[in-house]
2 protein chains.
Amino acid sequence: MPNRGLLKSSQTQRKPPLTDFVLDEFLPYRLTILATRLSEQFAERYRAKFGISVPEWRLVAHLSQAEKVSIREVYQRVAMDKSKTSRAAARLEKAGYVNKRTNPADRRLVELSLTAKGHAMSAEIGRMGIAFQGELLIGLEPEDREKFHSMIETMLKENP
Amino acid sequence: MPNRGLLKSSQTQRKPPLTDFVLDEFLPYRLTILATRLSEQFAERYRAKFGISVPEWRLVAHLSQAEKVSIREVYQRVAMDKSKTSRAAARLEKAGYVNKRTNPADRRLVELSLTAKGHAMSAEIGRMGIAFQGELLIGLEPEDREKFHSMIETMLKENP
DNA sequence: TTGACATTGTTGCATTTGCAACGATATATG
DNA sequence: CATATATCGTTGCAAATGCAACAATGTCAA
């Protein structure tokens with residue numbers, strides 16, 4: 001029987017297992033835990049400094065990569081609900097971090113962009129992110145880091 | 001300047017970047033998206049079949065690995081809130097999937113265990129999980145799969 | 001042009017969530 | 001033993017979330 005990555009080799013099992021399913025090797029589960037912890041740890045840092053939430057940072061992060069984006073562009077790419085994105089944008093506008101205007105070429109679209117204050121915050125959180133990721137990858141061999149990225153990329157492409 | 005895994009080499013950049021921060025290489029972000037998608041895709045399958053939610057499946061998954069667990073053991077390990085876990089347990093009991101009794105040795109603790117119906121469901125979702133993970137890892141070289149697991153393990157250990 | 005249909009973003013509403021307070025139980029300290 | 005302190009699970013409540021309905025705008029075909 002081929003081992004497909006979810007069965008422990010028998011010598012590591014103490015007792016006959018209740019099932020063939022091994023939770024600690026189940027990716028959706030492990031990835032969720034890791035992602036939650038990392039997101040939460042990083043969120044503590046920027047929340048303390050700027051008072052924004054995770055959905056708000058997600059939106060700002062997008063705006064750090066592209067001058068202008070619409071609500072749809074954000075939520076389609078980030079797996080955030082439409083309304084979550086819309087509300088994050090509203091809060092960020094109120095806090096003075098982003099501008100919202102209707103796109104003149106297509107008046108259904110909202111054009112989001114960073115204010116000067118938003119750019120400053122974005123730049124600072126960007127630096128914090130680079131530092132955070134540096135700490136995070138310290139335990140991995142340099143060549144493994146690239147490998148890790150490319151494996152994530154592969155799975156993201158396979159699961160659109 | 002050392003490349004710490006978050007800076008694109010200059011030849012891959014089309015335009016002068018707004019910042020050094022590259023969202024597509026930022027792990028908390030990428031992992032969150034991947035984890036969300038995988039969790040959601042898998043959730044569709046077991047929700048359709050058994051009508052349970054993600055927190056409920058998390059709890060059942062734990063019970064598939066250990067006969068008896070307390071609420072605390074579950075939420076400490078899974079990064080779920082206390083109340084979320086408690087409520088998942090209540091719903092699962094109502095649906096007839098788990099038994100709840102107070103631990104006689106320490107009456108503060110609740111002892112959760114699967115009913116026969118719960119075991120049947122757990123076994124079936126376990127099989128579905130093995131199949132799901134098989135599909136998922138098809139795009140990776142076999143030796144990469146182990147590597148991926150061990151890298152996740154490393155980062156989980158570094159971020160408790 | 002008109003009318004049917006599609007897309008975008010916002011909002012109302014019910015559900016879910018996280019946090020804090022709480023009661024019950026256990027442990028430690030005097 | 002008596003009292004203070006800690007731990008566990010539940011619950012009330014406010015905030016966040018997801019879904020569906022909607023208005024506004026755009027597209028397409030007759």
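Please read all numbers here as calculations on a predicted model, not as lab measurements. Each chain gets a letter, A, B and so on, in the order the sequences are listed, and its residues count up from 1.
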Query raised in the report: Counting side-chain heavy atoms from CB outward, which of D:dG18, D:dG9, C:dC19 is closest to B:Ser83?
Result: C:dC19

Query raised in the report: Does CD in A:Glu135 sit with more than 12 non-hydrogen atoms of other residues, nucleotides or ligands closer than 6.0 Å?
Result: yes

Query raised in the report: Between C:dT25 atom C1' and B:Arg101 atom CZ, what is the distance in whole Å?
Result: 17 Å

Requested in this report: For B:Arg91 and D:dT10, give me the distance from atom CZ to atom C1', rounded to whole Å.
Outcome: 14 Å

Query raised in the report: Roughly how many Å is it from CG in B:Asp106 to P in D:dA6, rounded to a whole number?
Result: 17 Å

Query raised in the report: Does B:Tyr75 or A:Pro104 map to a spot on DNA chain D nearer the 5' end, using the closest nucleotide for each?
Result: B:Tyr75

Query raised in the report: Taking the side chain of A:Leu109 as its heavy atoms from C-beta onward, which of D:dG9, C:dG9, C:dG18 lies nearest to it?
Result: C:dG9

Query raised in the report: Between C:dG9 atom P and A:Gln76 atom CD, what is the distance in whole Å?
Result: 9 Å

Report summary line: In whole angstroms, the gap separating P of C:dA28 from CZ of B:Arg108 amounts to 10 Å

Requested in this report: Whole angstrom is fine here: how far is it from CZ in B:Arg87 over to C1' in C:dT15?
Outcome: 11 Å

Query raised in the report: Will you find, in the side chains of B:Tyr29 and A:His62, an N or O donor that is under 3.5 Å from an N or O acceptor?
Result: yes

Query raised in the report: Hey, does A:Ser70 reach any base, or is it just sugar-phosphate, or nothing, if we go heavy atoms under 4.0 Å?
Result: sugar-phosphate

Query raised in the report: Starting at NZ of A:Lys84 and ending at C1' of C:dT10, how long is that distance when rounded to a whole Å?
Result: 17 Å

Query raised in the report: Between A:Arg107 (CZ) and C:dA6 (P), how many Å, whole number?
Result: 23 Å

Query raised in the report: Between A:Gly96 and A:Thr115, which heavy-atom pair has the shortest distance, and what is it?
Result: O-OG1, 2.7 Å

**Report entry** A:Arg47/A:Glu40 ion pair, N-O < 4.0 Å
**Finding:** yes

Requested in this report: Could you work out which one of C:dT11, D:dA21, C:dT17 sits closest to the side chain of A:Lys82?
Outcome: D:dA21

